[in-house]
Amino acid sequence: MEAVVVKNLTKTYGKEKTLAVDNVSFSVQKGELFGLIGPDGAGKSSIFRILTTLLLPDSGAASVDGFDIVQDFKKIRNTVGYMPGKFSLYQDLTIEENLHFFATVFGTTIEENYHLIKDIYVQIEPFKKRRAGKLSGGMKQKLALCCALIHKPTTLFLDEPTTGVDPVSRKEFWEMLRRLKEQDITIIVSTPYMDEASLCDRIALIQGGKILSIDTPQNIVQAFPDRLFAVKANEMYPLLKTLESFPARLNSYAFGEYAHITLESAEGVSELEKYLTAQKLSGIDIKAIEATIEDSFIKLLN
Ligand SMILES: Nc1ncnc2c1ncn2[C@@H]1O[C@H](COP(=O)(O)OP(=O)(O)OP(=O)(O)O)[C@@H](O)[C@H]1O
């Protein structure tokens, strides 16, 4: 069953008609963990705000749990959970007070749905008398997730929940999402971190308001069409410049401590080594590698 259906959504802002969402369509199955993956300004927050009924699209249609985002906006507001990109809880209220506030607004109690938040709440409970404004990034994020869950939403929208959070808390956060999925909650999460994409059931890669690809992370990397190599040399900048002029090159770019280069066929690699040596590069190491989501994203952008 489809929990979220999005059809040809378009959104522009202001007199200049800045195009933020460009004819976007996708659907999310009930109980799915679906990721919107893209850099800053790709249009992720605009899509989230439209689906949570905080913003009207210019055109197109969407529904959440069968409810139309325009006609049935009140029903959607009562049934979904939303964690916006910016910390939006009451900074002057304590952890406990924020949670109590959100439960009350939705006509429920903390006790009624405690099972949903227990795993997360126990981690911040020792600080429950502390004001939200005085919490660390990871703790704020856990509190925001508890507040988004306390009314037992059918669908949870998490807008860049791990931005600015340390790597350990990021990992913990994704483990929490996996556990929530087991409770039959549909989760739509956005992130600019490509490494988080592989933790979703399916992902939509988005850039400039347009969806470039929608599939499972495994299928997206398997569909990578070129031969990909990781190349290292003693100096990165001359290496990148030299790769740019290699005749059999399709594309090349920095990737951590390596440069990645794509070639049409694996044969080109012996030529590549000779070419780099002839250009006086030293410490050369070339290895064939499998594409990551980030490589696939770069390929789709070209
Ligand atoms: N209120 C607004 N007025 C004008 N332009 C806006 C407004 N909100 C967003 N935009 C523009 O729309 C585009 C998409 O922004 P959006 O916030 O949806 O992207 P995003 O993927 O969530 O990125 P970010 O993580 O930076 O918020 C960007 O070019 C942004 O500058």
Side-chain angles (χ1 to χ4, degrees), residues 4-28 32-64 69-70 73 76-77 80-89 137-138 140-141 144-145 147-148 155-167 169-170 173-174 177 186-200 202-215 217 220 292-294 296-302:
V4 176
V5 180
V6 174
K7 282 195 187 137
N8 307 108
L9 271 193
T10 295
K11 174 74 196 170
T12 59
Y13 289 105
K15 284 202 189 93
E16 292 80 29
K17 297 262 171 212
T18 309
L19 188 57
V21 181
D22 187 2
N23 197 24
V24 160
S25 301
F26 64 90
S27 58
V28 180
E32 200 174 21
L33 175 47
F34 186 87
L36 274 183
I37 317 288
D40 287 347
K44 307 179 299 295
S45 301
S46 300
I47 294 173
F48 274 50
R49 291 208 291 267
I50 292 170
L51 293 177
T52 51
T53 79
L54 301 174
L55 194 66
L56 284 169
D58 295 10
S59 59
S63 64
V64 179
I69 52 159
V70 181
F73 73 95
I76 293 181
R77 287 181 189 183
V80 305
Y82 174 43
M83 186 171 154
K86 290 203 182 68
F87 185 66
S88 60
L89 302 179
K140 278 184 178 163
Q141 170 217 42
L145 184 58
C147 291
T155 308
L156 190 57
F157 292 91
L158 307 172
D159 193 3
E160 296 198 17
T162 55
T163 295
V165 175
D166 68 83
S169 303
R170 270 172 63 189
F173 192 82
W174 279 91
L177 294 192
T186 308
I187 304 173
I188 306 189
V189 58
S190 74
T191 177
Y193 301 123
M194 302 283 158
D195 58 323
E196 294 183 339
S198 59
L199 304 168
C200 300
R202 278 190 315 137
I203 54 172
L205 297 179
I206 179 167
Q207 160 76 358
K210 266 192 190 305
I211 290 188
L212 308 174
S213 178
I214 305 181
D215 211 326
I220 286 185
T292 64
I293 293 286
E294 197 163 343
S296 301
F297 197 94
I298 292 168
K299 177 73 190 173
L300 288 164
L301 286 180
N302 289 313

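From a predicted model like this one, the values you see are computed outputs, not experimental measurements. Counting starts at 1 for both ligands and their atoms, following the listed order. Values below: every heavy atom of this structure, side chains too, minus hydrogens, waters and symmetry copies.
A heavy-atom cutoff of 4.0 Å around ligand 1 is satisfied by the protein residues Y13, A20, P39, D40, G41, A42, G43, K44, S45, S46, R49, E160.
In this structure, L300 CG and I211 CD1 are separated by 12.0 Å, a value rounded to the nearest 0.5 Å. One distance of note links CG of L158 with OG of S190; it measures 8.0 Å at 0.5 Å rounding.
For residues 14-28, the salt bridge (charged side-chain N to carboxylate O under 4.0 Å, His left out) pairs, not counting sequence neighbours, are D22-K210. Note on residues 32-52: pairs passing ring pair (Phe, Tyr, Trp, His ring centres under 6.0 Å), not counting sequence neighbours, are F26-F34, F48-F157. The stretch residues 47-61 participates, sequence neighbours left out, in these salt bridge (charged side-chain N to carboxylate O under 4.0 Å, His left out) pairs: K11-D58.
Not one N or O on the side chain of T53 forms a donor-acceptor pair closer than 3.5 Å with the backbone of I69.
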